[in-house]
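Some notes on the structure that comes next.
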2 protein chains.
Amino acid sequence: MAAKRVTMKDVARASGVSASTVSFVLNDAPGQTIPDATRERVRRAAAELGYVPHGLARALREGSSRIVVLNVARLPRDGVALAGFIGGLSDELAEHGHTLLVRYRDAPDDADPVLAAISPRAVLDLDRVYFDDEPELADGGWVDGLAAHTAVQLRHLVGAGHRSIAFALRGDERLSRLGALRFDYARDAAAEAGLPALVPVAVGHPAAAHDRDALAALLAEHPEITAVAGVDDEAAMRVLAAARALGLAVPDRLAVIGFDETPFAELAEPPLTTVRIDTAAFGRRAARELLGLPAATDDRGSASLAATVIRRESA
Amino acid sequence: MAAKRVTMKDVARASGVSASTVSFVLNDAPGQTIPDATRERVRRAAAELGYVPHGLARALREGSSRIVVLNVARLPRDGVALAGFIGGLSDELAEHGHTLLVRYRDAPDDADPVLAAISPRAVLDLDRVYFDDEPELADGGWVDGLAAHTAVQLRHLVGAGHRSIAFALRGDERLSRLGALRFDYARDAAAEAGLPALVPVAVGHPAAAHDRDALAALLAEHPEITAVAGVDDEAAMRVLAAARALGLAVPDRLAVIGFDETPFAELAEPPLTTVRIDTAAFGRRAARELLGLPAATDDRGSASLAATVIRRESA
DNA sequence: CTCGATCACTAAATCGAATTAGTAGGAGAG
DNA sequence: CTCTCCTACTAATTCGATTTAGTGATCGAG
């Protein structure tokens with residue numbers, strides 16, 4: 001920011017027209033009658049001077065900038081799901097000349113004066129979607145959203161013959177809201193399949209033997225349970241470790257399925273069956289919605305929004 | 001952005017002074033002779049109207065904004081290390097009235113005109129630090145940076161009596177640069193300990209039996225190798241899985257140590273020994289440097305920048 | 001010849017903030 | 001009385017872009 005900035009005035013001077021004309025040429029503004037020779041002269045001057053528009057001034061005048069902000073706030077930050085979503089969102093926005101910036105501040109309130117500084121074109125508030133709003137209305141719900149993916153997970157166990165299922169949650173604060181949502185959806189999917197009520201089990205407590213004890217208590221109280229669906233792969237792998245500690249055969253005595261396919265799933269003992277979601281596709285869809293573009297019409301669209309069961313040995 | 005914005009002119013009108021006076025009051029500008037009663041009147045009007053400064057206009061006038069941008073670009077995006085770093089960076093910046101925004105675009109070049117739109121106070125280009133610059137000069141190097149943490153990993157194996165060590169890399173494109181750096185540092189640390197040359201082994205290839213075959217080939221060629229240091233926990237856990245497939249006793253025949261402590265490390269069979277780095281502390285330090293603040297003087301500083309070995313059963 | 005449309009531009013205003021360069025009035029010292 | 005300093009403000013400008021509202025000249029149709 002220290003060097004003298006090339007402004008539109010410099011380009012105007014160099015090309016012998018006014019700054020207004022420079023703006024019309026560089027923005028290809030409709031309704032202007034500027035001959036090609038003049039346009040070419042302006043473009044050359046801009047290139048030679050290395051002119052870069054001052055986005056602040058543009059945004060101030062236009063009323064918004066070409067930035068899209070993703071507000072993650074209280075949601076889990078370190079998983080493959082979010083990374084994929086960000087990748088898809090960022091790539092699609094970039095294809096339309098916008099830049100994605102991700103905000104991780106632990107504040108649910110997005111009336112942030114500093115954020116207002118950049119007048120983003122749009123703010124995608126994942127925090128609000130999953131904490132304040134009804135996610136089923138925003139993320140595809142039972143069609144192709146989190147609810148639908150949860151149903152795929154449950155249906156895999158039902159399809160394998162399981163009639164009594166537990167749902168493994170874990171204590172990560174950032175996962176509590178999503179975990180509660182996932183449990184609700186799983187409970188509904190179980191009810192839909194005519195199954196008895198889904199039973200929750202909490203894993204991931206810091207105490208060394210907690211997971212083993214929790215699983216033992218679960219099966220003592222519900223010996224009819226033959227399968228566990230994990231809120232995510234980590235929860236499922238904790239159930240695997242507890243099952244191993246209890247000497248339970250997986251999947252014969254207890255089947256286990258994860259969710260969100262981390263690279264660690266295949267390294268588990270036994271390798272973990274899980275549910276893969278193409279979160280990048282969700283990111284791309286979200287980008288198009290934010291920009292007011294029509295949904296992508298290629299085949300890639302709806303197929304990749306559906307969850308896929310990655311079959312391994314645990315369920 | 002649809003609602004009528006309250007501007008400084010509105011506050012001026014409501015408090016009966018000029019917009020200049022409003023600016024002087026709200027910014028506590030030095031060298032102005034404004035009585036307290038007038039100041040109070042202006043502040044009350046601003047509060048009642050819900051005035052929020054238009055950051056774009058402020059930034060345009062001042063020449064920069066209160067945004068700090070972290071450019072991740074080609075680096076790994078989904079690990080606990082980055083999440084921790086972002087958390088620390090974001091929190092420290094917030095304490096000083098700045099907002100962190102993270103840019104994930106896969107472009108190494110940060111001369112992005114759209115990014116210029118927000119005139120960030122600073123840009124922390126992790127991509128450049130680890131791809132273009134000499135990281136040891138920027139991240140603490142052999143004192144408390146990645147090189148020092150790598151040395152801690154190696155020294156743990158040396159301390160356990162290992163004299164011939166392999167280094168497990170994995171094929172993730174985003175990890176290639178960091179992996180190469182880590183291998184270089186590990187090789188130097190091994191040389192420093194008077195050990196024979198460190199031997200690389202690549203894991204994580206998609207082919208199902210690849211890791212097992214790679215480990216078998218490594219030990220066939222180097223039967224003297226008794227330990228493996230992983231570029232990260234995932235690589236280490238792949239070595240564990242391959243060792244299991246080959247019927248190798250861990251840590252008796254082969255000791256394995258990871259890096260960056262994922263939650264999955266303790267779920268491995270056997271539980272993985274790894275190296276923990278408090279990346280949030282690095283984030284906080286980076287924030288202070290970006291803002292030109294002196295280093296934090298509390299005890300928390302240097303202690304938490306050091307790597308810690310988390311001892312479990314694999315090494 | 002007159003009038004309307006078109007071409008090829010332009011000056012001025014706007015966006016909303018901070019800063020610069022004042023000005024009128026009052027008080028105190030010489 | 002005059003001069004200097006201080007108080008309590010103000011109008012205008014600046015930042016750099018886009019947009020609004022033109023203007024002079026030319027051409028073609030009636």
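A, B, ... follow the sequence lines: proteins, then strands. Residue 1 opens every chain. Quick caveat: nothing in here was measured; it's all calculated off a predicted structure. Scope of the values below: all heavy atoms of this structure, side chains included, with no hydrogens, waters or symmetry mates.
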Quiz item: When the C1' atoms of the five terminal pairs at each end define the local axes, what inter-axis angle does the helix from dC1(C)-dG30(D) to dG30(C)-dC1(D) show, to 10 degrees?
Solution: 70°
Exercise. Could you check how far CZ of Arg13(A) sits from P of dG16(D), rounded to whole Å?
Key: 12 Å
Exercise. Check for a donor-acceptor pair, side chain of Arg174(A) on one end and backbone N or O of Arg77(A) on the other, with a separation under 3.5 Å.
Key: no
Quiz item: Between the main-chain N or O of Ala29(B) and the side-chain N or O of Asn27(B), is there a donor-acceptor pair closer than 3.5 Å?
Solution: no
What's touching nucleotides 24-27 of chain D from the protein side, N or O pairs under 3.5 Å?
none

Quiz prompt | Sequence neighbours excluded - salt bridge (charged side-chain N to carboxylate O under 4.0 Å, His left out) pairs with any residue from residues 26-43 of chain A | solution = Asp28(A)-Arg39(A)
Practice problem: Ignoring hydrogens and angles, tell me if any N or O in the side chain of Asp139(B) forms a donor-acceptor pair with the backbone of Gly145(B) under 3.5 Å. | Solution: no
Quiz item: So, His54(B) side chain and Val6(B) main chain: donor-acceptor pair closer than 3.5 Å or not?
Solution: no
Quiz item: Which letters describe nucleotides 13-20 of chain C, given B = protein heavy atom under 4.0 Å from base, S = only from sugar-phosphate, - = neither?
Solution: -BBBBBBB
Quiz prompt | Ion pair Arg285(B)/Asp144(B), N-O distance below 4.0 Å | solution = yes
Self-check item: Residue pairs passing the salt bridge (charged side-chain N to carboxylate O under 4.0 Å, His left out) test where at least one lies in residues 44-54 of chain B, sequence neighbours excluded
Solution: none
Practice problem: Give, ordered by number, those residues of residues 37-46 of chain B having at least one heavy-atom distance below 4.0 Å to an atom of DNA chain D; if nothing qualifies, reply none. | Solution: Thr38(B)
Quiz item: Is the side chain of Arg177(B) donor-acceptor paired with the backbone N or O of Tyr130(B) at a distance under 3.5 Å, no angle test?
Solution: yes
Exercise. Taking Asp10(A) for its side chain and Thr7(A) for its backbone only, find out whether a donor-acceptor pair lies under 3.5 Å.
Key: yes
Self-check item: Side-chain heavy-atom pair Leu82(A), Thr279(A) within 4.5 angstrom cut-off
Solution: no
Quiz item: With distance as the sole criterion, is a donor-acceptor pair present between the side chains of Ser18(A) and Thr21(A) under 3.5 Å?
Solution: yes
Quiz item: At under 4.0 Å, does any side-chain N or O of Thr33(B) touch on OP1 or OP2 of dA8(D)?
Solution: no
Quiz item: Do you see a donor-acceptor pair shorter than 3.5 Å between the side chains of Asn71(A) and Tyr104(A)?
Solution: no
Quiz item: Does Leu89(A) reach the side chain of Val102(A), with side-chain heavy atoms less than 4.5 Å apart?
Solution: no
